[in-house]
There are 2 protein chains.
Amino acid sequence: MTSPVRGDLFDPECPTRRLLDRIGTKWTSMVVKVLAEAAPHEVRFAELRRRIPGVSQKMLSVTLHSLVRDGLAVRRVEPTVPPRVHYRLTELGLSLEVPLAALRIWAEEHMARIDHANAISDAGSAAGG
Amino acid sequence: MTSPVRGDLFDPECPTRRLLDRIGTKWTSMVVKVLAEAAPHEVRFAELRRRIPGVSQKMLSVTLHSLVRDGLAVRRVEPTVPPRVHYRLTELGLSLEVPLAALRIWAEEHMARIDHANAISDAGSAAGG
DNA sequence: CCGGATCCGGGGCGATACTG
DNA sequence: CAGTATCGCCCCGGATCCGG
């Protein structure tokens, strides 16, 4: 039988790589976070836009549709005029929030050290040059 | 001192976003994994290259220097001819491996469901079109 | 109110060639 | 063996316009 993906992390189809391709897109992690905080309630498109400063309506739309396509979120349209569109995470999307939250914690605790290391590196190359 | 970044996750300088910009680059997560598995031993450049199929020497070099610059790895050169360059993770780099491993586990367990959702979506739009 | 279509710029990433 | 410089492709992501 074919073995599970356990040992194939360096396969071109490496699941980790493909996951990072998704959550690495600029707005995905923020959208997931907002939806996760609101769960199990839905969030309207306009509300998401307000909660994520800087996101354009295009990229928010693209990001949300990617999440839906990946089965991480669901979309519900009220066929009114004007339309109202709501999003919420699926169970799968909520499960992704767990490791994503761990990553956020790490970032909050350690990014300052990365910044510091960069500053040292800059100063060192400036002095050395 | 200014307060920590706890509440500023949607700041333009959002630490999570900046962390994802780093580990989201194509080869970083793989390099970190290989170095983490080898820890506390060093790994030579050529050995890394062999262990990461598909990586070009340029991109491996760029990725490693980024890790060093961020304080996640250290570089040691044996001034021989030809030179031998060794890398290992710092304590900071090793700590990053923890949430990264959680992400890998999630990917291994759930990416198939994402693929399935994509297949459904493709079939649906094909049938609907 | 929502989001698709189009145009455009920037940067990641790969291939290749060259240095020490 | 390790790293750098150059070129080119591709796609993310922003601005704008248009359609339901």
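Values below: every heavy atom of this structure, side chains too, minus hydrogens, waters and symmetry copies.
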Any side-chain N or O of [X] less than 4.0 Å from the OP1 or OP2 oxygen of [N]?
X        : N       : result
Tyr87(A) : dG3(C)  : yes
Trp27(A) : dC12(D) : no
Ser56(A) : dG13(D) : no
Arg49(A) : dC1(C)  : no
His65(A) : dG4(C)  : yes

Between [Y] and [X], is the closest basic N to carboxylate O distance under 4.0 Å?
X         : Y         : answer
Glu91(A)  : Arg113(B) : no
Arg69(B)  : Asp122(A) : yes
Arg76(B)  : Glu42(B)  : yes
Glu108(B) : Arg104(B) : no

Check your understanding: Between the side chains of Thr63(B) and Ser66(B), is a donor N or O closer than 3.5 angstrom to an acceptor N or O?
Key ->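 Side chains of Thr63(B) and Ser66(B): no pair found under 3.5 Å.
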Protein-nucleotide distance ([X], atom [atom1]; [N], atom [atom2]), rounded to Å:
X        : N       : atom1 : atom2 : answer
Leu64(B) : dA2(D)  : CG    : P     : 10 Å
Gln57(A) : dC17(D) : CD    : C1'   : 10 Å
Asp21(A) : dC11(D) : CG    : C1'   : 12 Å
Lys26(B) : dA15(C) : NZ    : C1'   : 13 Å
Arg44(A) : dC1(C)  : CZ    : P     : 8 Å
Met59(B) : dC10(D) : CE    : P     : 17 Å
Arg22(A) : dC11(D) : CZ    : C1'   : 15 Å
Leu60(B) : dA15(C) : CG    : P     : 14 Å

Review point. Can you pull the ring pair (Phe, Tyr, Trp, His ring centres under 6.0 Å) pairs that have at least one residue in residues 15-67 of chain B, sequence neighbours excluded?
Key: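 As it turns out, there is no ring pair (Phe, Tyr, Trp, His ring centres under 6.0 Å) pair with a partner in residues 15-67 of chain B once direct neighbours are skipped.
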**Study point:** Test item: Ser29(A) side-chain N/O and Ile23(A) main-chain N/O as donor-acceptor pair under 3.5 Å
**Key:**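 The answer is no, because no donor-acceptor pair under 3.5 Å joins these two groups.
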Review point. For Gly24(B), does its backbone N or O pair with a side-chain atom of Arg17(A) as donor and acceptor, under 3.5 Å?
Key: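 Pair found, side chain donor or acceptor close to backbone of Gly24(B).
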Point to revise | Pair of N/O donor and acceptor under 3.5 Å linking dG14(C) base with Lys58(B) side chain | key: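 Under the 3.5 Å cut-off, the side chain and the base do form a donor-acceptor pair.
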Point to revise | Minimum-distance nucleotide (side-chain atoms of Thr25(A) versus dC1(D), dG13(D), dC2(C)) | key: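 The listed nucleotide nearest to Thr25(A)'s side chain is dG13(D).
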Review point. Side chain of Ser61(A): nearest nucleotide among dC2(C), dT4(D), dG4(C)?
Key: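 Within the option list, the nearest is dG4(C).
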Study note, to complete from the structure: The dot-bracket string of DNA chain D, counting Watson-Crick and G-U wobble pairs with both distances under 3.5 Å, using [ ] for crossing pairs and | for pairs to another strand, is ||||||||||||||||||||
Review point. What pair of heavy atoms forms the shortest contact from Pro99(A) to Leu96(A), and how long is it?
Key: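 That would be CD-O, 3.1 Å.
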Review point. Looking at DNA chain C, which of residues 70-86 of chain A put a heavy atom within less than 4.0 Å of it?
Key: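 Nucleic-acid contacts, sorted: Arg75(A), Pro82(A), Pro83(A), Val85(A).
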Exercise for review: With DNA chain D as reference, determine whether Phe45(B) or Gly54(A) sits nearer its 5' end, using the nearest nucleotide of each.
Suggested key: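 Taking each residue's closest nucleotide, the earlier one in sequence belongs to Phe45(B).
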Exercise for review: Rounded to the nearest 0.5 Å, what's the gap from CG on Leu20(B) to NZ on Lys26(A)? Could you check?
Suggested key: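 One finds 13.0 Å between CG of Leu20(B) and NZ of Lys26(A).
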